[in-house]
Amino acid sequence: MNDVQTSTPADEIPFRYTAGLAAQIEQRWQDEWDRRGTFFTPNPSGPLTDAEGRHADPAKPSYFVMDMFPYPSGAGLHVGHPLGYIATDVVGRFRRMCGDNVLHALAFDAFGLPAEQHAIATGQHPRANTEANIAIMQRQLRRLGLAHDPRRSFATIDDSYVRWTQWIFLQVFNAWYDEAAVRPDGGVGRARPIAELEAELAAGTRPVPAGVDGVPAGAAWADLDRVARRRVLDAHRLAYLADTPVNWAPGLGTVLANEEVTADGRSERGNVPVFKRNLRQWNMRITAYADRLTDDLDGIDWPEKVRSMQRHWIGRSTGATVRFDVVGGELLEVFTTRPDTLFGATFMVVAPEHPLLDEVPAAWPDGTHEAWTGGHESPAAAVADYRRYAAGRTAVERQADAGRKTGVFTGHLAVNPVTGTPLPVFTADYVLMGYGTGAIMAVPGGDERDYDFATTFELPVVYTVDGEGDGARTGDGAIINSANEGLDLNGLDVPAAKAAMIAWLAARGVGEETTTYRLRDWLFSRQRYWGEPFPVVYDEDDQPIALPDSALPVTLPEVPDFSPRTYAPDDADSSPEAPLGRNDDWVHVTLDLGDGPRQYRRDTNTMPNWAGSCWYHLRYLDQVSPDVLVDPALDRYWLGPGHGSQPAGSVGGVDLYVGGVEHAVLHLLYSRFWHKVLYDLGYVSSSEPFHKLFNQGYIQAYAYTDDRGVYVPADEVEEDAAAPEGYAWHGEAVHREYGKMGKSLKNVVTPDDMYTAYGADTLRVYEMSMGPLDLSRPWDTRSVVGSQRFLQRLWRNVVDERTGELVVVDDAPDEATLRVLHATIAGVRADMEAMRENTAIAKLIVLNNHLTTLDRVPRAVVEALVLMVAPIAPHIAEELWSRLGHERSLIDAPFPVADERYLVAETVTCVLQVAGKVRGRAEVDPQTGAQELEALALADPGVQRALAGREVRKVIVRAPHLVNVVPA
RNA sequence: GCGUGAGUGGCGAAAUGGCAGACGCGCUGGCUUCAGGUGCCAGUGCCCGCAAGGGCGUGCGGGUUCAAGUCCCGCCUCACGCACCA
C-alpha cells in the first residue's frame with residue numbers, strides 16, 4: 001500500500017478520501033446518529049433517557065459542557081463561529097469515551113436588537129425572521145457533526161422558556177436581602193421571600209425601617225395603610241422600581257444599563273450619545289451581592305483576566321467615611337481610602353451635581369483667593385456657571401484633559417475634624433457624583449489629582465508621609481505631621497495609622513470604617529419590543545403587582561409598529577416611549593387577582609437581552625418538569641457541589657463553559673447574580689453557575705484595500721514580490737490589514753465553503769490544530785489542506801484507495817510501533833485533558849506517519865488511532881471503525897489507555913555536552929549508569945575536540961539523558 | 001496611569017530548568033502524470049563551507065545555574081480590559 005502511487009488521476013481513484021467522499025461519509029453518519037439517538041443524554045430520573053430508554057448509569061460521573069449560546073443572526077456563520085463549538089464537542093466526546101455521562105446541547109439567545117431592527121425595516125414580525133435564522137443556523141451547525149442532544153435545544157423566545165424567565169423575575173421581585181441570615185454554605189446574608197419580611201414586620205419582630213417615602217419614622221406596621229405597607233415592602237425587593245439616574249439614549253429610544261454604556265458616554269450598540277436622566281425604571285439589587293460576587297471569584301476556575309475584570313467592575317474598596325462640619329450649616333460626608341492622611345487635607349471638593357451646591361453662601365468669604373472665584377461676583381454665580389460648564393462636557397472631553405483640573409470655590413468652608421482648620425470647599429468635575437459620596441477631602445500631599453488641583457489653584461500642600469521631593473507622595477512610609485491633642489500618628493506605618501484614625505473618628509462620632517463599591521444596581525427595563533414582557537401589572541395606586549404563576553407567560557402583544565419612539569441622538573430632553581404601549585387592548589386588562597375583577601395596567605417595558613442568558617444553563621437539564629424551574633434531583637446530579645469529577649469542596653456549577661471574553665462583565669456577572677438569588681431561595685444547589693470558564697480566542701483574517709481604500713476580495717489577492725507590501729489583486733498592489741472577518745471587509749470564509757472544498761472533519765481538525773484554543777489566530781485557507789492530507793493518509797492506512805478493501809493485518813505490531821502507539825496514547829490523553837487539542841493532533845499525525853512507513857498496518861494499532869481521532873474527526877473515525885468491522889458506534893468505545901511497559905524506550909539518546917553545548921550523542925540503554933555515561937562522554941571524539949585538551953573540572957550526569965562536561 | 005496576558009523560523013506554532021523550532025503551511029529538488037492548484041519521496045532557523053565541521057540564534061540589558069525560551073531583577077513593544085473611582 002505504500003508503493004509510490006499509480007498514474008490513476010485523483011478523480012478516478014474511487015476510494016480516495018476527497019471532499020466528495022468526506023461529504024458522503026459525513027452526511028450518512030449525521031443521519032445515522034440522528035436515527036439512532038446517539039446523542040441522547042440520559043438524566044438520572046424523569047422522561048429524558050438514552051435512546052434505549054435507560055436512565056443515567058449511576059456509576060458514570062456527570063459532565064456538563066456548555067458553549068456561550070449563539071444569537072441567530074441573519075448574517076450567517078463564518079469559520080470563526082464554530083471554533084468554540086468544535087472545541088467543546090471534542091471535550092464532550094472525549095469525556096464520553098472516558099466514561100462520563102456528558103451533557104452537551106446548544107440553545108439560541110433569540111431576543112435582541114438585530115431581529116427587532118430587521119422587523120422595523122421589513123415590517124415582518126421578529127419572531128418569523130428569528131425562527132428562520134435559527135433553522136438556517138441549525139442546518140449549518142448540524143453539518144459539523146456536533147454531538148448535541150437535540151431534545152435539549154431551545155430558544156429564549158419560546159413561550160415555554162419565557163414563562164420561566166418571567167417566573168424567575170417574580171422570585172427576584174418577591175425577595176429581599178437579609179444581611180443577617182445565614183446561608184447553607186455558612187456565609188452570612190442571603191435573599192429571602194418577601195412574605196417572610198412581611199410576616200416579621202406584622203409580628204413586630206422586625207421594626208419598620210426608617211426612610212421609606214410616606215412612612216413616618218418610628219411607625220408601627222399596624223398603623224400603616226395599605227399603600228404605605230406596600231411601599232415598605234417594595235423598598236426591600238431585589239427587583240424594584242425607582243426614579244433613579246439612568247442612561248437614556250434618545251437615538252435608540254431606550255434606556256441602557258451601565259454595562260452597556262462605553263467609557264466615552266455612548267451606547268455600546270448603535271454608538272449614540274447617552275444622557276443621564278432621572279426616570280422610573282426597573283432595577284435589580286445586584287449591589288446586595290457585591291461582596292459575594294467578589295469573594296466567590298476565588299473559588300471558581302476562571303481565567304484571571306475575567307476574574308480581575310469582574311473584581312474591578314464591582315470595585316470594592318475599603319476605607320472610611322468622614323463627616324466635616326460645614327460652617328453655617330450641614331454636614332459634608334466624604335469617603336476616603338486613606339483616612340490616615342486626614343491631617344494633610346487642605347481643601348474639599350464636591351461633584352458638580354452634589355446637593356451641597358443647591359445653597360451656597362451669598363458672598364465670598366474674607367480672604368478668598370482671586371483665582372478661586374472664576375471671576376464671578378458671588379459663589380452662586382460661580383457655581384451655577386461651573387455646573388453648566390460641567391454638564392455640557394462629554395465624557396470624551398473630560399477624559400482628554402484629565403490632567404488639567406478645572407473647578408471653582410463654592411464659598412463653603414468645612415472644618416477638618418482633626419485640626420479644626422476651616423477648609424475651602426470647591427466643586428470640580430474630577431470628583432464624580434456616582435462614586436462614594438460625591439465629595440472628597442483633598443490631600444494634595446498624598447494624591448496626584450489633588451496635587452494637580454492644588455497647584456492650579458495655589459492651595460497649600462501638607463505632607464503626612466515621610467519622603468522627599470515635590471508632588472504627591474503615594475508610596476509607603478512613616479507618618480509625619482499628624483498629631484493633635486488626643487491623637488498622634490507620627491511614626492506609624494500606613495495601615496496602623498489608618499486603624500488609629502478610624503478608631504479616633506468613630507469614638508467622636510464623626511466617621512467610621514466604610515466599604516464602597518463601584519457597582520451600581522442593574523437597570524433592568526428597556527423600551528423595546530423584542531424582549532420578555534414584565535409579568536407585572538399596576539393598580540390604581542400605580543404600584544406594581546406580581547401576576548400569579550397561572551398568568552405566565554405574559555406574551556408580547558401584536559403592535560402596528562415595533563420600533564420605540566426615537567429622537568435626534570442629542571435630544572437630551574426627550575423621554576422614552578415603549579412600543580408595547582401602542583396596543584391599548586393589551587395594556588389595559590381586567591383581572592381577578594383575588595379580590596374580584598378589577599382594571600389594571602400592564603408594564604410596557606421589556607426585559608434586557610441579558611435576562612434569557614442568565615439562566616439558560618438550567619434549562620438544558622430539564623425542559624420537562626411543568627411545575628418547577630428545574631427538578632432538584634437533576635440540579636444536584638448535573639450542577640451540585642462536588643458532582644461528577646469536580647474536586648471536593650467545589651461549589652458546583654457547569655463543568656466547562658467556553659466562550660469569548662467579551663461577556664466578562666455583562667452576561668457572566670448577571671448570570672452569577674441570578675444564580676445566587678436562586679441558590680439563596682433554594683432552587684439550585686450550587687452557589688456559582690460556572691465552575692470552569694474558558695475563553696477561546698478569535699479567528700481573525702486579513703483584509704486588503706486598494707489605493708482608494710476600497711476593500712477587494714481577499715480570496716483573489718496573491719503574494720507579489722513586486723508590490724510595495726508584497727500583495728497584489730489582479731496585478732494591482734494592495735494594502736493588507738488584520739482583524740475581524742466581515743462581509744464589508746470582503747474576507748469572509750464560511751464553514752460551507754470548507755465543507756465543499758474539504759469536508760467537515762478537515763475543518764474540525766484544522767481549527768483544532770491552528771494553535772492553543774485561547775489564542776486568537778489568523779485564518780489561512782491555504783493551510784487547511786494539511787489537515788486534509790492527514791485524514792487522507794489515515795484513510796489510506798485502513799482502506800485501499802483503488803479497491804476500497806481493508807489493508808490492515810491482524811499480525812502483532814512490532815516493538816517500535818508499540819512504543820510509538822503507547823507514547824501517543826499517553827500524550828494525547830494528557831493533551832485532551834488539558835484542552836491542548838493542537839498538540840494532541842500533532843502526536844496523532846506522528847503516529848499516523850509512522851504507520852505509513854510500515855508495509856502492513858496492524859489492526860490493533862490503527863484501531864487505537866481511529867479511537868483517538870474520533871473526538872476530533874468523528875465522521876471519518878466512525879466510517880473507519882465500521883469498515884474495521886464494528887457494529888456499534890465508537891462514541892461509547894473506551895478511549896485507549898497507554899501500557900506503561902511501552903512507555904520506557906528501548907534505547908535513549910544521551911546528549912553529550914561540553915560547557916552546556918551539545919558536542920556529541922550516544923544511543924544507550926536506559927539503565928546505563930552514571931559512571932559508564934561519564935566514561936562514554938569523555939571518550940567521545942566530539943567531546944574531546946571541544947575540550948581541546950582542557951582540564952575537566954566537573955562532570956554532571958543526568959542518566960540516561962544527558963552528560964555535561966565542564967572544563968576548567 | 002492601573003490590571004491581565006503575550007513577544008520563538010517566511011507563516012500558524014512546539015518545548016516537566018537538560019538536544020530550541022515537534023506538527024502543519026509555504027518553499028526547494030525529485031517521482032508519478034497528456035496535464036497538474038492531485039498524490040508520493042527527500043530537504044528546509046540564519047551565516048561561513050563542496051563537505052566534514054564551525055559560528056550565531058527564543059524582544060532588549062543584567063543576574064542565578066554545570067545548563068535558561070523556561071527562574072530572578074530592570075527595560076522595550078504589542079493585544080485586551082479599565083481609567084480623574086477618592
Side-chain angles (χ1 to χ4, degrees), chain A residues 2-11 13 16 18 263 303-309 311-313 315 317 319 334-338 341 349 395 398-399 401-405 428-432 434-443 446-450 452-453 516-518 661-662 664-665 695 719 726 765-766 769-772 774-787 789-790 792-793 796 801 836 838-846 849 852 909-918 920-921 942 945-946 953-958 961-967:
Chain A
N2 289 304
D3 309 340
V4 168
Q5 292 299 308
T6 67
S7 62
T8 318
D11 51 357
I13 298 174
R16 172 161 288 176
T18 58
E304 182 52 36
K305 179 189 172 87
V306 176
R307 293 195 295 173
S308 101
M309 280 168 72
R311 266 187 220 109
H312 186 260
W313 185 263
S317 127
V334 304
F335 171 75
T336 176
T337 56
R338 293 293 302 274
T341 62
V349 187
R398 289 180 43 162
Q399 220 171 303
D401 36 54
R404 233 182 42 236
K405 294 289 177 285
D429 65 359
Y430 82 91
V431 173
L432 310 174
Y435 185 79
T437 62
I440 63 159
M441 61 180 222
V443 185
D447 183 285
E448 280 169 20
R449 295 152 301 174
D450 296 347
D452 290 345
F453 193 86
T516 63
Y517 303 88
R518 207 181 83 109
V661 73
E662 70 271 18
V665 282
N695 292 127
E719 286 186 29
V765 171
Y766 177 64
S769 65
M770 289 167 82
D774 51 358
L775 224 71
S776 292
R777 50 304 244 331
W779 178 262
D780 181 18
T781 297
R782 271 195 324 182
S783 293
V784 178
V785 69
S787 298
R789 285 179 196 148
F790 163 51
Q792 275 180 345
R793 278 197 277 255
R796 262 201 300 273
E801 286 186 325
R836 292 187 302 245
N838 56 325
T839 50
I841 290 169
K843 292 178 174 90
L844 292 170
I845 292 173
V846 170
N849 288 349
T852 62
T909 306
C910 184
V911 176
L912 311 176
Q913 297 181 331
V914 176
K917 297 201 174 194
V918 181
R921 295 191 168 80
R945 193 167 44 232
R953 180 155 64 90
K954 134 162 120 166
V955 179
I956 288 158
V957 183
R958 290 282 175 275
H961 296 288
L962 178 134
V963 180
N964 189 9
V965 180
V966 186

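Source: prediction; values computed, not measured.
- Distances were taken from every side-chain heavy atom of Ala842(A) (C-beta onward) to each of C23(B), A86(B), C19(B); the shortest belongs to C23(B).
- Side-chain proximity of Asp429(A) to C40(B), C84(B), C82(B): nearest is C84(B).
- Closest to the side chain of Val911(A), from the set A22(B), C19(B), G26(B), is C19(B).
- Which of G24(B), G5(B), A86(B) sits closest to the side chain of Glu304(A) comes down to G5(B).
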Polar atom pairs (N or O), protein with nucleotides 49-51 of chain B, under 3.5 Å:
none

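- At whole-Å resolution of the value, CD in Glu448(A) and P in C84(B) are 14 Å apart.
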Sort me out a list of protein N/O and nucleotides 54-56 of chain B N/O pairs below 3.5 Å, or just none if empty.
unit_1: G55(B); atom_1: OP2; unit_2: Arg919(A); atom_2: NH1; d: 3.3
unit_1: C56(B); atom_1: OP2; unit_2: Lys917(A); atom_2: NZ; d: 3.4

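- Here, A20(B) and U8(B) have their C1' atoms 8 Å apart, quoted to the whole Å.
- Tyr766(A) pairs by the ring pair (Phe, Tyr, Trp, His ring centres under 6.0 Å) definition with Trp779(A), not counting sequence neighbours.
- With G81(B), C19(B), C25(B) as the choices, the nucleotide that has an atom nearest any side-chain atom of Arg921(A) turns out to be C19(B).
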Protein N or O to nucleotides 63-67 of chain B N or O, pairs below 3.5 Å:
unit_1: C66(B); atom_1: OP1; unit_2: Lys954(A); atom_2: NZ; d: 3.4
unit_1: C66(B); atom_1: O2'; unit_2: Asn964(A); atom_2: ND2; d: 3.3
unit_1: C66(B); atom_1: O2; unit_2: Asn964(A); atom_2: ND2; d: 2.6

Handout entry: Heavy-atom protein contacts under 4.0 Å, nucleotides 6-17 of chain B, coded B base, S sugar-phosphate only, - none
Key = ------SSS---

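- In the set C19(B), G24(B), G81(B), the nucleotide with an atom closest to the side chain of Arg793(A) is G24(B).
- In terms of the side-chain contact (heavy atoms from CB on, under 4.5 Å) criterion, residue partners of Ser308(A) (sequence neighbours excluded) are, by chain and number, Glu304(A), Arg311(A).
- No hydrogens or angles were tested; on distance alone, a donor-acceptor pair under 3.5 Å links the side chain of Lys305(A) to the base of C80(B).
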